[in-house]
Each structure stands twice: as C-alpha cells, then as structure tokens.
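Predicted, not measured: the structure shown is a model, and the values here were computed from it. Ligands are counted one by one from 1 in listed order, and the atoms in each one are counted from 1 as well.
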Amino acid sequence: MIALSQVEKSFDGHRVVGPISLEIAAKATMVLIGPSGCGKSTLLKLMLGLLRPDGGGIEVGGSPLEDHDLGRYRHSLGYVVQQGGLFPHMTARQNATLMAGQLGWEAGRIAARLDALLALTKLKPDLIDRYPAELSGGQRQRVGLVRALFLDPDLLLLDEPLGALDPLIRFELQNDLKEIFDSLHKTVVLVTHDMGEARFFADTIVLLKDGRIAQTGSFEELVDSPQDPFVSRFIEAQRAPA
Ligand code: ADP
Ligand code: MG
C-alpha cells in the first residue's frame, strides 16, 4: 500500500530519518516506536506527504507519491496529530466536519456520518458543540479520531494519540481504539513511545533508533531475538518495576 525505499530526511544538514526502507501492509496495524526525538513524527509526515524526503522514494499503490494528486491523497488518509491538533477557535463539530464541508457534502450526509462516528468513538453527542478547551484530554482525542475517520480513509496514521492522557483514560481509550481498528479493518500506522501500548496494538512493531530501524517484528521476536543490544535495553527500560 505504502512502500518507503531508502528514505532520508535531514533538517539543517542533520539527518533525522533514514535511510529507511519499510512496507506498510494493508489492513494491518504497524506501530512505530522509539525514544523521543528518534524521528517518529518526521517519518509519519513523510508518509503523509507533508514533508518531502531528501533521498529515496515513497510509493503509494505502486506509483511514486509525487505523481499523486496530494490533495486527493490526503483525503484518503486519516491523520491524528500529536497532542490532538484540533483548531481551538472551532467547536468539536466544526473540527470534525471541516473537510467534508469543504468537499461539498450535503448537510444531511454530514449529520448522518457524524452520528455514526460519535457512536463508534463513544463520544457523547451533547459534547459536540463545545470548543476543544471545554473538553477533557480523552474527549479531545475522540474528536480528533472522529475528524480523522470522517471521510472513511483507507489508512489511518496516529501520532502518539494517547500520549498525554492519564492512565485510566488511556486504558479505556486504548481498548476503544483497538475495537475500532478491528471492526473497521483499516490499515493503521500508530506512533507511540510505550512498548506496552505497542504490544497491545501491533501486528508489526518497528523499533526506531536515531532515525533508522533497529528491528522490525512482533513483540515476542523483539524480546526473544533482539538484533541489537539497544532493542533489549529499550524493552527492559520499560519493564514494570517489580
Ligand atoms: P519523535 O517524533 O520521534 O520524537 P521527531 O520526528 O519529532 O521525533 O524529530 C526528530 C528530530 O528532528 C528531532 O531532533 C527534532 O528536533 C528534529 N526536527 C523535527 N522537525 C524539525 C523541523 N521542522 N526542523 C528542524 N528540526 C526538526
Ligand atoms: Mg513525535
């Protein structure tokens, strides 16, 4: 579906991603994990076409990303930004329905889609006319998810969607998200820095170190056959204290 081949990205002459080669399989959940600053968000933005690689290439559906109509490509993706990324001056409803409105959807179609997604994401309908500042962190993330799912994208990219939530809310939203991924059969790329979360969601875990792939595999493969001492260190550092 999306294939990265020897992709590189530098900022100010400093390489923060790559070279990375990676294939995202359809209808599976891939989790990108690694320490803060290792290039996870940058990698996601490269996949989204928000950043252009300095080297290597990205193919979508078998043809180079630069040959695609970027506007249409983005509409085929759902993106949940790190820290929610809702527009503060717009209500939850306006945030969620913005793109559908711009695409000229009729009011009835927008309302029906919104109802369905509120039910799916377990967001109380009476919250939908509030501004982001009037919602809890978990509610804001649910609105972000409604917005990302609105156009029924094939691919969902989520950048630390649960990073800023307290443990109980996080646990609840993890379960709800997993249910949603499983029921919709979407292709999902989820970024986290938490190995427990990676294990919970992933068909495949991609562990990054300094912008490169340290190891790809299931949680069990990373634990049982680490390909680099960093892999074991990263997993051990996240072990719950005895
Ligand atoms: P992560 O999401 O894994 O925490 P990022 O992809 O956000 O990491 O960042 C990787 C590195 O690239 C960091 O050192 C960050 O400071 C740097 N970086 C990210 N975006 C930019 C940018 N637009 N300009 C300059 N440096 C950037
Ligand atoms: Mg990040």
Side-chain angles (χ1 to χ4, degrees), residues 2-24 29-58 65-66 70 74 77-87 132 137-138 140-141 143-145 147-148 155-166 169-170 173-174 177 187-202 204-217 219 222 226-238:
I2 297 189
L4 284 70
S5 137
Q6 298 293 102
V7 165
E8 296 184 33
K9 182 70 191 175
S10 297
F11 292 114
D12 311 320
H14 179 67
R15 186 162 67 192
V16 302
V17 163
I20 278 189
S21 296
L22 188 61
E23 273 194 35
I24 293 151
T29 297
M30 174 181 279
V31 173
L32 301 176
I33 185 168
S36 180
C38 73
K40 303 181 295 295
S41 295
T42 304
L43 190 56
L44 218 57
K45 286 177 192 160
L46 288 162
M47 293 177 189
L48 280 152
L50 291 174
L51 289 173
R52 298 282 299 269
D54 306 316
I58 300 177
L65 179 53
E66 56 266 29
L70 265 191
R74 297 237 180 82
L77 306 173
Y79 180 33
V80 178
V81 192
Q82 201 165 355
Q83 271 131 33
L86 299 177
F87 295 117
R140 277 199 291 273
Q141 290 307 75
V143 174
L145 191 62
R147 180 172 68 178
L155 173 64
L156 209 49
L157 301 139
L158 306 103
D159 195 349
E160 303 209 28
L162 308 167
L165 303 176
D166 73 60
I169 300 290
R170 186 179 176 133
L173 204 48
Q174 278 172 342
L177 260 184
T187 306
V188 176
V189 180
L190 184 137
V191 171
T192 180
H193 56 254
D194 182 271
M195 193 48 96
E197 191 164 285
R199 183 184 191 181
F200 179 68
F201 282 110
T204 306
I205 295 175
V206 178
L207 175 56
L208 299 172
K209 179 196 180 195
D210 301 332
R212 303 189 63 171
I213 296 176
Q215 189 164 349
T216 300
F219 177 76
L222 268 56
Q227 286 171 11
D228 181 311
F230 167 78
V231 176
S232 308
R233 278 209 312 279
F234 189 85
I235 292 170
E236 269 175 33
Q238 300 213 352

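S41 CB, 3.6 Å is the protein heavy atom nearest to atom 7 (O) of ligand 1. In terms of protein heavy-atom proximity, atom 13 (C) of ligand 1 is nearest to G37 O, 3.9 Å. Looking at atom 9 (O) of ligand 1, its nearest protein heavy atom turns out to be T42 OG1, 3.8 Å. Looking at atom 8 (O) of ligand 1, its nearest protein heavy atom turns out to be G39 N, 3.3 Å.
The number of protein N/O/S atoms found under 2.8 Å from the Mg ion (ligand 2) is 2.
Judged by distance alone, with hydrogens and angles left aside, the side-chain atoms of Q215 form a donor-acceptor pair with the main-chain N or O of Q227 at under 3.5 Å. Between the side chain of D194 and the main chain of G196, a donor-acceptor pair closer than 3.5 Å is present. Checked by atom type and distance alone, the side chain of E66 never pairs as donor or acceptor with a backbone atom of G57 at under 3.5 Å.
Distances between N or O atoms of F11 and those of ligand 1 include no value under 3.5 Å. Residue D12 places no N or O, backbone or side chain, under 3.5 Å from any N or O of ligand 1.
Atom 11 (C) of ligand 1 is approached by the protein to below 4.0 angstrom, counting heavy atoms only. In this structure, atom 16 (O) of ligand 1 has its sub-4.0 angstrom surroundings free of protein heavy atoms.
For the atom pair CZ (F200) and OG1 (T192), the distance works out to 12.0 Å, reported to the nearest 0.5 Å. Rounding to the nearest 0.5 Å gives a distance of 9.0 Å between CZ of R140 and CG of L165. Atoms CG and NZ, on D228 and K209 in that order, are 5.0 Å from each other to the nearest 0.5 Å. Here CG of L158 is found 8.0 Å from CG of L44. Values are rounded to the nearest 0.5 Å. With values rounded to the nearest 0.5 angstrom, L22 atom CG is found 7.0 Å from L32 atom CG.
Every atom of ligand 1 with a heavy atom of S36 under 4.0 Å away is listed here by number and element: 4 (O).
Here the closest heavy-atom approach between residue A148 and residue V80 is recorded as CB-CG2, 3.6 Å.
If you look at V16 next to ligand 1, the close heavy atoms, those under 4.0 Å, all belong to the side chain.
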